[in-house]
Amino acid sequence: MFKCLVSSWAVPGRRYVTKVLVNSNMAQIIDGKVISQEIRLKLNEEVAQFVNAGNPQPHLTAVIVGEDPASEIYVRNKMTACKEVGISSETKRLPANTTEEELLQLIGELNRDDSVSGVLVQLPVPEQINERTICNAVAPEKDVDGFNEINMGRLALDMEGFVPATPLAVKTLLEHCNIDTFGRNAVVVGRSKNVSLPLAILMHSDGKNATKALDATVTICHRYTPPKELAIHCRQADIIVVAVGKPGLITKDMVKPGACVIDVGINRIKDEKTGNDKLVGDVDFEEVRQVAGHITPVPGGVGPMTVTMLMYNTLKAAKKAAQNASQKSALV
């Protein structure tokens, strides 16, 4: 038996309505591919309007150090998204033996280049380079990944800045499905500084302030949370977001009926039936969807939305740069 759900969603300044057919006996699958494509169409319109108003085309420069295959795929997806929304892009590739000083020099050049709206250094970087040093080297106003300590601090203080793309993707998906977060119990499984920590901040902060956060009651669990305690926390949650990189961590018996389950995990495992590699998340998808109210698939859930939110941040950076340039011009 199927029913039609009508859900509204929004990114800043816009609101849309989507009709979705779902099986009434199973969780509604939150299709990140469909939602991200809708947002990219709107971003394409905004970029065109921005350029037609006489502003320079937004530009994103990505930097890859080394030859990590996963990084190559991620950056290629980001460059494809740039083309879809009308953002110009460039990828700078450096050898794996690049020194920290050489990478910092390149970042400095990009920071000073007025034609570059956003800069991202694809993580991870080789072991001879300090990740935190590199993230902090990207100018805060071009830090579309949101990893600079200034942007992280502004997020923690509920101030205007760049929110990391994955937490922003999760927030947008929750809004899309009209998931009630106000005062609700939410469990974030994971404590990474680039995903889980900023996500927990974004979920619990006040929706009245700059970040338009979600006002949830948030519990953070991690690798040292005893399994029995993790299960107890999850069973009390209205919303579970998991991002630890452990296949099948969240099982059916850990999920409260009707809960929303957001799977950020990406794991490559061997398919027992075909013998081929396949991507899975941190949630036992087929089992959990039998009890959850909403669930994201892997792939096709948070991943496409993360790339789209990076495009949103790049356009935001370009608009802010144009505004600052206009203000400086007016003072001359």
side-chain contact (heavy atoms from CB on, under 4.5 Å) between I179 and I239, intermediate numbers included: CA-CA 9 Å; I179 303 298; I239 303 161; 4.0 Å; yes

Do you reckon [X] sits in the same ILVMFWY cluster as [Y], going by side-chain contacts under 4.5 Å, direct or chained?
{"X": "V51", "Y": "L315", "result": "yes"}
{"X": "I64", "Y": "L104", "result": "no"}
{"X": "V170", "Y": "I201", "result": "yes"}
{"X": "M309", "Y": "M203", "result": "yes"}
{"X": "I266", "Y": "V244", "result": "no"}

What's the spacing between [X] [atom1] and [Y] [atom2] if we round to 0.5 Å?
{"X": "I240", "Y": "R235", "atom1": "CD1", "atom2": "CZ", "answer": "10.0 Å"}
{"X": "Q236", "Y": "T217", "atom1": "CD", "atom2": "OG1", "answer": "11.5 Å"}
{"X": "E100", "Y": "I107", "atom1": "CD", "atom2": "CD1", "answer": "9.0 Å"}
{"X": "F285", "Y": "I29", "atom1": "CZ", "atom2": "CD1", "answer": "4.0 Å"}
{"X": "L199", "Y": "H204", "atom1": "CG", "atom2": "NE2", "answer": "11.5 Å"}
{"X": "T172", "Y": "I35", "atom1": "OG1", "atom2": "CD1", "answer": "9.0 Å"}

Do any side-chain atoms of residues 156-169 form donor-acceptor pairs under 3.5 angstrom with protein atoms, and if so which ones, sequence neighbours left out?
residue	atom	partner	partner atom	Å
D158	OD1	T211	N	3.3
D158	OD1	T211	OG1	2.2
D158	OD2	N209	ND2	3.1
E160	OE2	K316	NZ	2.6
T166	OG1	T306	OG1	3.3

Closest approach of [X] and [Y], non-hydrogen atoms and distance?
{"X": "P124", "Y": "S71", "answer": "CD-OG, 4.2 Å"}
{"X": "F50", "Y": "A318", "answer": "CZ-O, 3.6 Å"}
{"X": "A213", "Y": "S205", "answer": "CB-O, 3.3 Å"}
{"X": "V65", "Y": "P95", "answer": "CG1-O, 3.5 Å"}
{"X": "P304", "Y": "G301", "answer": "CD-O, 3.4 Å"}
{"X": "D282", "Y": "G265", "answer": "OD2-CA, 3.5 Å"}

Are [X] and [Y] packed together at the side-chain level, in the sense that at least one heavy-atom pair is separated by less than 4.5 angstrom?
{"X": "I262", "Y": "I30", "result": "yes"}
{"X": "V261", "Y": "H294", "result": "no"}
{"X": "K78", "Y": "L120", "result": "yes"}
{"X": "Q105", "Y": "E109", "result": "yes"}
{"X": "L103", "Y": "I134", "result": "yes"}
{"X": "I39", "Y": "T308", "result": "yes"}
{"X": "V119", "Y": "L60", "result": "no"}
{"X": "M305", "Y": "T296", "result": "no"}

Charged N to carboxylate O below 4.0 Å: is that the case for [X] and [Y]?
{"X": "K92", "Y": "E90", "answer": "yes"}
{"X": "K42", "Y": "E38", "answer": "no"}
{"X": "E67", "Y": "R93", "answer": "no"}

Would you list the atom pairs, donor with acceptor, under 3.5 Å between side chains in residues 218-227 and any protein atom, with sequence neighbours excluded?
residue	atom	partner	partner atom	Å
H222	ND1	Y224	N	3.2
T225	OG1	H222	N	3.0
T225	OG1	H222	O	3.3

Worked check of salt bridge (Lys or Arg N to Asp or Glu O under 4.0 Å) between R76 and E72: CA-CA 6 Å; R76 186 162 61 246; E72 287 286 347; 5.0 Å; no

Can you tell me if [X] uses its side chain to pair, donor with acceptor, with the backbone of [Y] under 3.5 Å?
{"X": "D271", "Y": "K278", "value": "no"}
{"X": "E287", "Y": "D284", "value": "no"}
{"X": "N185", "Y": "D238", "value": "no"}
{"X": "D215", "Y": "G207", "value": "yes"}

Donor-acceptor pair between H59 and S88 side chains, under 3.5 angstrom: yes

side-chain contact (heavy atoms from CB on, under 4.5 Å) evaluation trace for C177 with Q28: CA-CA 9 Å; C177 289; Q28 177 181 341; 4.1 Å; yes

Candidate pair F182 and D180, rule side-chain contact (heavy atoms from CB on, under 4.5 Å), full reasoning: CA-CA 6 Å; F182 190 88; D180 184 11; 3.9 Å; yes

Full working for side-chain contact (heavy atoms from CB on, under 4.5 Å) between V302 and D263: CA-CA 7 Å; V302 177; D263 193 348; over 6 Å; no

Show every donor-acceptor pair shorter than 3.5 Å between a side-chain atom in residues 188-195 and any protein atom, with sequence neighbours excluded, or say none if there are none.
residue	atom	partner	partner atom	Å
S192	OG	V195	N	3.3
S192	OG	S196	N	3.2

May I have the list of side-chain donor-acceptor pairs in residues 137-148 shorter than 3.5 Å, sequence neighbours left out?
residue	atom	partner	partner atom	Å
K142	NZ	L110	O	2.8
K142	NZ	N111	O	3.0
K142	NZ	D113	O	2.6
K142	NZ	V116	O	3.1
D143	OD1	G146	N	3.3
D143	OD1	F147	N	3.3
D143	OD2	F147	N	3.0
D143	OD2	N148	N	2.8
D143	OD2	N151	ND2	2.8
N148	OD1	I150	N	2.7
N148	ND2	N136	O	3.0
N148	ND2	V138	O	2.9

Residues, nucleotides or ligands: over 12 heavy atoms within 6.0 Å of D114 CG: no

Pairing residues for Q57 by the side chain to side chain donor-acceptor pair (under 3.5 Å) criterion, not counting sequence neighbours: none

Below 3.5 Å, can you tabulate the donor-acceptor pairs from side chains in residues 246-255 to any protein atom, sequence neighbours excluded?
residue	atom	partner	partner atom	Å
T251	OG1	D253	OD1	2.5
K252	NZ	Q290	OE1	3.0

